[in-house]
Amino acid sequence: MGDSGWVLGIESTAHTFSFGLVDSDGKPYPSESSTILPTEGGIHPRKAAEHHADSAGDLFARILERENLDKDQLSAIAYSQGPGLAPCLRAGASAARTISSALKIPLIGVNHCVAHIEIGREQCGCDDPVLLYASGGNTQVITQLSGRYRVLGETLDIGIGNMLDKFARSNGIPFPGGPKVEQNALLWEGDSLEDIPLPYVVQGMDLAFSGILTAATKATKEDVPFAAVCWSLQEHAFAACVEVAERALAHSGKNELLLGGGVACNERLREMCEIMCAERGAKSYAPPKMYCVDNGTMIARLGWLELKEGRVTSLSESAINPSLRTDDSEIIWA
Ligand code: AMP
Ligand code: MG
């Protein structure tokens, strides 16, 4: 085992393969990442896994070189054990096992969704937040109750990021579509939601986005200006997220909201969360964008927290779990 206590984190749940580091005090260092960008269509899990396996050596060398570290200064390897696309998760787990057995250092399989919360808490200095986790494949409202992060509400169909990406793709914009929808929405000068009606689906604390995807795609085919549809799509979909986040704050009695996931890079979503929180005397936090998108550093940070409590993953327990739930993982750290 290395003695200087750096933890390497490997993220590989979907498009992005990423290596990140925390030092022996748990301080995060930016990740080295490679994202597969399909020229057409959505993510192909096997092709993404091949991309990840091909990038592993390069990313590992790059991050060590950038921080001027030697391999034997690593004391543990954390990796995303789930949830995610099975072939992609397998590529990350197998890179982690290889490094762990070559360097004879422990493995720590961690929960990807929990890692988003922990890097956000560390970056923003918030203590006991409700997390609005808005990413490509996930849309959940999560908070800590009785020793676990509990999902209070979530999408019943597709993730909000996938919805934005599919809408963009049907208008000829390749992945990732979310940032392009954001740029186009800024071009629209109207402010009447009635002019560009779209469905709004909130059921208690759950959400659904496939209906709005169909309706928005149809609107662009019916000659509603693209910028107008982008604007209305953001207003409706983000308002639904903010509504369930507010309900989660009210229900749990908490007063901190934390954003995470790639869609949390969106300035309008950040603004809407700030407005909602200001109106109820709560505070909204958003980590730097490099720690909103999938990144190896958040995996390293959670691995470090778990390692401090003595948790490691034996080889026989190291299999991936594509459908791992946020509340499957017990919170053993403070
Ligand atoms: P993740 O799954 O967390 O890695 O995040 C990727 C998702 O975030 C993709 O669906 C992107 O389209 C989306 N995304 C990234 N930046 C933005 C943005 N500025 N606005 C909306 N969505 C975004
Ligand atoms: Mg994610």
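Counting starts at 1 for both ligands and their atoms, following the listed order. Reckoned from all heavy atoms, side chains included, excluding hydrogens, waters and symmetry mates.
- Note on Asp294: its N/O/S atom closest to the Mg ion (ligand 2) is OD1.
- The pair Lys47-Glu50 fails the salt-bridge criterion, with no side-chain N (NZ, NE, NH1 or NH2) lying under 4.0 Å from an Asp/Glu carboxylate O.
- In this structure, Val224 is a member of the same hydrophobic cluster as Leu213, with clusters built from ILVMFWY side-chain heavy atoms closer than 4.5 Å.
- Distances between N or O atoms of His116 and those of ligand 1 include no value under 3.5 Å.
- Scanning all protein heavy atoms for the shortest distance to atom 19 (N) of ligand 1 gives Glu182 OE1, 2.7 Å.
- Rounded to the nearest 0.5 angstrom, Asp206 CG and Gln140 CD are separated by 10.0 Å.
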Inset, instruction - Check step by step if side-chain hydrogen bond (donor to acceptor under 3.5 Å, both in side chains) holds for Ser210 and Asp157. - result: CA-CA 7 Å; Ser210 54; Asp157 48 28; 2.6 Å; yes
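- Using a distance-only test at 3.5 Å, with no hydrogens or angles considered, no donor-acceptor pair links the side chain of Ser12 to the main chain of Phe17.
- The N/O atoms of Gly178, backbone and side chain alike, include one that comes under 3.5 Å of an N/O atom in ligand 1.
- Atoms of ligand 1 lying under 4.0 Å from at least one heavy atom of Gly261, given by number and element, are 3 (O).
- Judged by distance alone, the side chains of Glu243 and Tyr200 do bring a donor and an acceptor atom under 3.5 Å apart.
- For atom 6 (C) of ligand 1, the nearest non-hydrogen atom from the set Gly137, Gly159, Gly262 belongs to Gly262.
- For the 3.5 Å distance criterion, the side chains of Trp333 and Glu118 qualify, holding a donor opposite an acceptor.
- Checked by distance only, ligand 1 and Gly136 come closer than 3.5 Å through their nitrogen or oxygen atoms.
- The shortest heavy-atom distance from Ala14 to ligand 1 is not under 4.0 Å.
- Note on Asp128 versus Lys254: salt bridge recorded, some NZ/NE/NH1/NH2 to OD/OE distance being below 4.0 Å.
- At the top of the distance list for atom 12 (O) of ligand 1, counting protein heavy atoms only, stands Asp165 OD1, 2.6 Å.
- Close N/O approach between Pro176 and ligand 1 is not found [any backbone or side-chain N/O within under 3.5 Å].
- Using a 4.0 Å heavy-atom cutoff, Thr16 is absent from the residues neighbouring ligand 1.
- Residues Glu267 and Arg270 are not paired through a salt bridge, judged by the lack of any N-O separation under 4.0 Å between the basic side chain and the carboxylate.
- Residue Gly161 has at least one heavy-atom neighbour below 4.0 Å for each of these atoms of ligand 1: 10 (O).
- Between the Mg ion (ligand 2) and Thr13 there is no N/O/S contact shorter than 2.8 Å.
- For Asn266, heavy-atom contacts with ligand 1 shorter than 4.0 Å involve the backbone as well as the side chain.
- To the nearest 0.5 Å, atom CG of residue Leu302 and atom CD1 of residue Ile331 are 10.0 Å apart.
- Taking 2.8 Å as the threshold, His116 counts as a candidate ligand of the Mg ion (ligand 2), since one of its N, O or S atoms lies below it.
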